[in-house]
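The structure appears below as structure tokens.
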Number of protein chains: 2
Amino acid sequence: MKEIEKTLENKSVRPTAMRILIYKYMAEKEIAVALTDIENAFAKADRTTLYRTLKTFEEKGIVHQIDDGTNISKYALCEPGCNCEIEQDLHLHFHCNNCDETVCLTEHKIPQVNLPDGYVAEDANLVIKGICEKCSGQ
Amino acid sequence: MKEIEKTLENKSVRPTAMRILIYKYMAEKEIAVALTDIENAFAKADRTTLYRTLKTFEEKGIVHQIDDGTNISKYALCEPGCNCEIEQDLHLHFHCNNCDETVCLTEHKIPQVNLPDGYVAEDANLVIKGICEKCSGQ
DNA sequence: GCAATAAATGCACTTCCGTTGCACGGTTTA
DNA sequence: TAAACCGTGCAACGGAAGTGCATTTATTGC
Ligand SMILES: [Mn+2]
Ligand SMILES: [Mn+2]
Ligand SMILES: [Zn+2]
Ligand SMILES: [Zn+2]
């Protein structure tokens with residue numbers, strides 16, 4: 001628990017009780033979580049607090065937002081060496097059509113693509129949809 | 001106009017007045033359009049009709065839906081040889097951070113990516129964000 | 001320790017988009 | 001022509017994101 005506090009402080013985010021809980025919750029999940037997921041996990045907490053916590057985490061580089069095509073924003077903890085901002089470092093995400101879960105494939109970077117003249121790339125998002133490892137029967 | 005009727009009939013969609021207008025509107029735009037865009041263009045028409053028209057067009061392979069990360073569904077006419085269903089044929093989309101417009105880069109296919117064991121790809125979505133040709137000063 | 005200040009939280013409310021149910025009217029088919 | 005079907009319009013709902021403001025909690029200067 002002390003570790004989480006350290007992690008938050010290192011990112012200049014004050015380690016409040018709620019923030020530590022949310023961080024812990026996300027760390028235990030290996031999949032991307034939606035605001036509603038957290039809301040259901042902590043019936044006690046207010047959605048606005050969770051919402052703003054995620055925004056804060058995102059601004060401070062603790063989590064990154066994931067758009068998996070479900071129109072529900074998901075979030076996942078950044079890996080130790082994660083540089084979401086840098087275009088080179090963008091990894092792809094996988095969304096399972098069966099269990100509806102989204103995972104970061106941190107090792108799989110988005111391949112470089114050539115664009116027509118005049119187009120300048122600043123960011124990229126690649127989502128693969130299909131059947132995940134758990135659902136494909138190992 | 002007769003051509004549009006033919007096109008719709010070829011896709012087994014009855015060419016009603018409204019459908020022809022919507023098709024024409026989309027054909028004239030070179031960018032992806034949202035339901036609200038069409039709604040604003042045809043103040044007369046009901047939102048539901050436009051919504052269902054787009055759904056019908058999508059089912060019949062006349063348009064394809066685009067998720068550009070804005071959380072607003074966009075649609076664009078399928079090119080003559082478009083096979084949206086086939087995974088191999090998926091092209092990428094570009095969303096301009098400046099003018100907020102989204103375009104199909106039909107010629108640019110989504111590169112094949114390797115997935116970890118157990119993952120089966122069925123669909124893919126690649127969106128590049130940045131500055132479009134118009135906004136980058138040619 | 002205490003007052004002043006700033007930050008975090010909670011509640012209420014709004015907006016936006018997508019979606020559905022149902023009723024009406026025109027078109028196709030038997 | 002009658003029945004069946006399909007397209008359209010109106011109304012309403014639901015989920016999720018986002019905002020304003022009051023309240024509580026933590027931090028800082030004295
Ligand atoms: Mn990720
Ligand atoms: Mn396209
Ligand atoms: Zn799965
Ligand atoms: Zn632009």
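Keep in mind that this is a model prediction, so the values were computed, not measured. The chains referred to below are lettered A, B, ... by the order of the sequence lines, with proteins before strands, and numbering in each begins at 1.
A salt bridge does not link R14(A) to E9(A): none of the charged side-chain nitrogens sits closer than 4.0 Å to a carboxylate oxygen. Looking at R47(B) and E39(B), a side-chain N of the basic residue comes within less than 4.0 Å of a carboxylate O on the acidic one, giving a salt bridge. A salt bridge is absent between K55(A) and E59(A); no separation between the charged side-chain nitrogens and carboxylate oxygens falls under 4.0 Å.
Less than 4.0 Å separates DNA chain D from at least one heavy atom of each of the following residues of residues 38-52 of chain B: D46(B), T48(B), T49(B), R52(B). Near DNA chain C, meaning a heavy atom under 4.0 Å away, the residues from residues 67-77 of chain B are I72(B), S73(B).
Remark: aromatic rings of Y75(B) and F57(B) are distant, center separation not under 6.0 Å. Aromatic ring centres of H93(A) and H108(A) lie farther apart than the 6.0 Å criterion allows.
In this view, T70(A) and D68(A) satisfy the side chain to side chain donor-acceptor pair (under 3.5 Å) rule, not counting sequence neighbours.
When all heavy atoms are compared, the tightest approach of A124(A) to I110(A) is O-CD1, 3.8 Å. Taking each heavy atom of A32(A) and D37(A) in turn, the nearest pair found is O-OD2, 4.5 Å. Nearest heavy-atom pair, A45(B) versus M18(B), reported as atom, atom and distance to 0.1 Å: CB-CE, 3.6 Å.
Chaining together hydrophobic side chains whose heavy atoms lie under 4.5 Å apart places V120(B) alongside I131(A).
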Annotated protein contacts, base or backbone, on nucleotides 23-30 of chain C with a non-hydrogen cut-off under 4.0 Å, one of B, S, - each = -----S--
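Here chain A contacts DNA chain D (any atom closer than 4.0 Å to a heavy atom, that is under 4.0 Å), and the contacts span dA16(D) to dT27(D) from 5' to 3'.
More than 12 heavy atoms of other residues, nucleotides or ligands shown are found within 6.0 angstrom of CG on N10(B). At most 12 heavy atoms of other shown residues, nucleotides or ligands fall within 6.0 angstrom of atom CG in N114(A).
Between I22(A) atom CD1 and dA8(C) atom P the separation is 13 Å, expressed in whole Å.
Both I22(A) and L77(A) belong to a single network of hydrophobic side chains, linked directly or stepwise wherever heavy atoms of I, L, V, M, F, W or Y lie under 4.5 Å apart.
Where Q65(B) and V13(A) each meet DNA chain C at their nearest nucleotide, the meeting point lying more 5' is that of V13(A).
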